[in-house]
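In what follows, chains are A, B, ... by sequence order, proteins preceding strands, each numbered from 1. Quantities reported herein were computed from a predicted structural model and do not represent experimental measurements.
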There are 2 protein chains.
Amino acid sequence: MDRRVTKKGDDGTSGKERPTLKTLAFMTGLGVTTVSRALKDAPEIGAETRRRVQLVAKQIGYRPNRAGVRLRTGKTNVISLVLNTEHELMSFVSDIIYGVTEVIADTPYHLIVTPYSRSQDPLDPVRYLVETGSADGVIISRTQPSDPRARYMLERGIPFATHGRTDMGLVHPYHDFDNYAFAGEAVRYLAGRGRNRLALVTPPVGLTYHGHTVAGFADALSEVGASEVPFNTVSIDQSIEQIRMRTAQLMRRKDRPDGFVSSAAAATLAIVAGIEDAGLKLGRDVDVVSKQSSELLHLFRRELLVVNENFRLAGSELARAVLGWIGGADPGTLQSLSTPSEVLPYRG
Amino acid sequence: MDRRVTKKGDDGTSGKERPTLKTLAFMTGLGVTTVSRALKDAPEIGAETRRRVQLVAKQIGYRPNRAGVRLRTGKTNVISLVLNTEHELMSFVSDIIYGVTEVIADTPYHLIVTPYSRSQDPLDPVRYLVETGSADGVIISRTQPSDPRARYMLERGIPFATHGRTDMGLVHPYHDFDNYAFAGEAVRYLAGRGRNRLALVTPPVGLTYHGHTVAGFADALSEVGASEVPFNTVSIDQSIEQIRMRTAQLMRRKDRPDGFVSSAAAATLAIVAGIEDAGLKLGRDVDVVSKQSSELLHLFRRELLVVNENFRLAGSELARAVLGWIGGADPGTLQSLSTPSEVLPYRG
DNA sequence: TTGGCAATCTGTAACGTTTCAGTATATTGA
DNA sequence: TCAATATACTGAAACGTTACAGATTGCCAA
């Protein structure tokens, strides 16, 4: 009986409102259902109708409302990158982000950054994402051999990719840098320069690539007949000052190493500072092979020997992997390993 | 007449589904409307009912469905950080991100990263965000004196904050580092060390802080009676190689500078390399004052003079500003300027 | 007793989308 | 010719939330 002032049938053609399916339906004279299906190339729509709808949609700049889709289908069109906001000094984080955005640029996906801090359980942010259904896919880093986050997401069936491998006998997408090869190459290169008492600056204990690095280092040591100078008190996620001090201590001992293999550029800066604190000279008394993610170590000390790790590539690969899994691909086919470059001495 | 198999009134208490308002309504015996209002402390709900609903909600871990809220209210609970994915070599980006996430951690907001590349109009991503209503607030960087993005968002009434100021006579939230003061301090410090032929490594031309830096530099020069050695062919967003080469060229001339003021750490690495390419020695032939965002320049060359810029703080301030504006605060009160530290010589 | 009013609570509609179950029309097979 | 079937389209319902317009109850003044 009583008609409301704002009645349902307003066709959305007035004013500057964003066009919706209803707008398109009105303009084409079709029903919303037909429009919806025409836009996603459903087979039961006539070819001409389809073209017509798509043309009009393009003309008026129709974009599906994300909230509508998400509410109806559960699809969020969101990828989440889960980051620890306290580790990783010289942050490769931006490179990963750029790599990811590069890949999702021409998809409907958005990238959200989900942080967690040292004090939290790394599982927390992942649990949050899954429980609230906030993302269609997740990228995690700081991967562990037996990673509770990977296990959790596998159980819930949510697509993800890990930066670094796991070792749980479970298959999932990952991208990893071949740290075993890196450490091996580094040792062989140092041995080739006559260095035979080598110390390793390891990745954080507990992460998978710590194991890979240590193994590559050890295997190559015995291969070339060099020996290890234990340096277990140091790993790359310690502070610059800590590493520097410990390095200086080490280098003042008479059984000091004549070569270092360092897993991160930031740590390398500290190692070099420690070496020089002890009055020794890089390239003469000791050589250092280091990974780096941007071209700055050669500027730092020309004597440094570097191997490049491309984090932008890692970001792209991880994004591709997650999207692939979401798209229904076999997770086992979405794994990639990046081979280290050769050891690069200073050129020019 | 005919009852559907799946009928409306299923109360959502079966199985592992995420609880909704309907679930809460069923459990408390109230209507969904009442529950909804009870959760947001609406005044027309009885005190006891309110407590009861909130208790149950907490117990079963109710979280409002973002898509539902967003569809109904238009509120996205999203902040977007708009980034250029090609500039800024030594990326402070991660610090900004961490700063932002720190602030939004205990809010319902998510952070999405919206990239754009050199080839695109910087206005594109902003237009996209506004047109699709993808965010409640936006943070932009690489701010220009007359910034089309700021103007655009002001016109549309969407809350935003800029990293760096504008100069259009329009008021909006910003956070900026006082680059005028930085350049001035740097010049005065160099003058204090007897340097009087100074070169400036400027921020990218066109950005607001280029002007601030140049002005601070020029004003301090005349204040201390030093002179400028023009170095306009270089700015900090050029490649390492470019800067290095140009610096070496400059330093081989007889009218070379005896002091540099550098606006970014990455550029400083190149400057120093160029200086040394020309056979000169830092600290003896020339001094360099540089901004840095992490503590690495002192490791690089102990003779470097540094001023710290805290990008994590910038991220936090920007997030606070946007949230404040969204929350209804006066944009004019959401502006902050970060004062540079003193020039720090090498210690220890 | 009655009317008015405040205090609480509730049903319905709507946001934009997709899916389900149809409907109408044309086409085919016998 | 008629029924069966394919083709092309459509309305209604539902996802979870909030806003609007009531509805119910109890209490008090007249």
Side-chain angles (χ1 to χ4, degrees), chain A residues 1-12 17-26 28-53 57 60 62-77 108 132-134, chain B residues 1-12 17-26 28-53 57 60 62-77 108 132-134:
Chain A
M1 299 304 160
D2 76 318
R3 322 208 66 181
R4 296 298 196 290
V5 179
T6 308
K7 202 59 187 81
K8 183 158 192 164
D10 63 340
D11 42 58
E17 303 302 301
R18 248 184 83 190
T20 69
L21 288 182
K22 213 193 302 186
T23 320
L24 284 178
F26 179 80
T28 55
L30 298 162
V32 278
T33 304
T34 309
V35 173
S36 172
R37 314 188 89 147
L39 287 176
K40 42 178 52 70
D41 287 317
E44 60 268 69
I45 302 296
E48 194 201 309
T49 306
R50 185 167 33 226
R51 273 201 308 276
R52 198 159 61 89
V53 170
I60 67 175
Y62 168 77
R63 314 266 194 119
N65 179 304
R66 313 191 112 234
V69 174
R70 181 164 170 177
L71 181 57
R72 178 63 233 243
T73 65
K75 182 126 206 280
T76 62
N77 283 310
T132 60
S134 289
Chain B
M1 298 305 163
D2 75 319
R3 321 208 66 182
R4 296 297 198 290
V5 180
T6 309
K7 202 60 187 77
K8 182 157 192 167
D10 64 339
D11 40 60
E17 301 302 301
R18 214 152 79 86
T20 70
L21 288 182
K22 213 193 301 185
T23 320
L24 284 178
F26 179 78
T28 55
L30 298 162
V32 279
T33 304
T34 310
V35 172
S36 172
R37 314 189 88 149
L39 288 177
K40 41 178 53 71
D41 287 316
E44 59 267 69
I45 301 297
E48 196 202 309
T49 305
R50 190 175 18 234
R51 273 201 309 276
R52 198 159 61 88
V53 170
I60 67 175
Y62 167 77
R63 314 264 193 119
N65 179 303
R66 313 191 113 233
V69 174
R70 182 164 169 177
L71 181 57
R72 177 65 234 240
T73 65
K75 183 128 206 282
T76 62
N77 284 309
T132 60
S134 289

For the backbone of [Y] and the side chain of [X], can you confirm whether one donor and one acceptor N or O come within less than 3.5 Å of each other?
| X | Y | answer |
| --- | --- | --- |
| Arg63(A) | Arg18(A) | no |
| Arg66(B) | Pro108(B) | yes |
| Arg37(B) | Glu44(B) | no |
| Arg50(A) | Ala42(A) | yes |

Quick one: are Leu21(A) and Leu39(A) in side-chain contact, heavy atoms under 4.5 Å?
yes

Using a 6.0 Å cut-off, check whether atom CD of Glu48(B) has over 12 heavy atoms from anything other than its own residue.
no

Got a sec? Which of residues 43-51 of chain B come in under 4.0 Å of DNA chain D, heavy atoms?
none

In whole angstroms, the gap separating P of dT17(C) from CZ of Arg70(B) amounts to 12 Å

Apply side-chain contact (heavy atoms from CB on, under 4.5 Å) to the pair Leu30(B) and Arg52(B), showing each step before the final yes or no.
CA-CA 11 Å; Leu30(B) 298 162; Arg52(B) 198 159 61 88; 3.9 Å; yes

Quick one: label Gly29(A) by what it contacts on the DNA or RNA (base, sugar-phosphate, nothing), any heavy atom closer than 4.0 Å.
sugar-phosphate

Leu24(B) vs Ile60(B), side-chain contact (heavy atoms from CB on, under 4.5 Å): CA-CA, chis, key distance, verdict:
CA-CA 9 Å; Leu24(B) 284 178; Ile60(B) 67 175; 3.5 Å; yes

N/O-N/O pairs, protein side and nucleotides 16-19 of chain D side, under 3.5 Å:
unit_1  : atom_1 : unit_2   : atom_2 : d
dG16(D) : N2     : Gly68(B) : O      : 3.3
dT17(D) : OP1    : Tyr62(B) : OH     : 2.4
dT17(D) : OP1    : Asn65(B) : N      : 2.9
dT17(D) : OP2    : Leu21(B) : N      : 2.7
dT18(D) : OP1    : Lys40(B) : NZ     : 2.6
dT18(D) : OP2    : Ser36(B) : OG     : 2.7
dT18(D) : OP2    : Lys40(B) : NZ     : 3.4
dT18(D) : O2     : Arg72(B) : NH1    : 2.1
dA19(D) : O4'    : Arg72(B) : NH2    : 3.3
dA19(D) : N6     : Thr33(B) : OG1    : 3.1

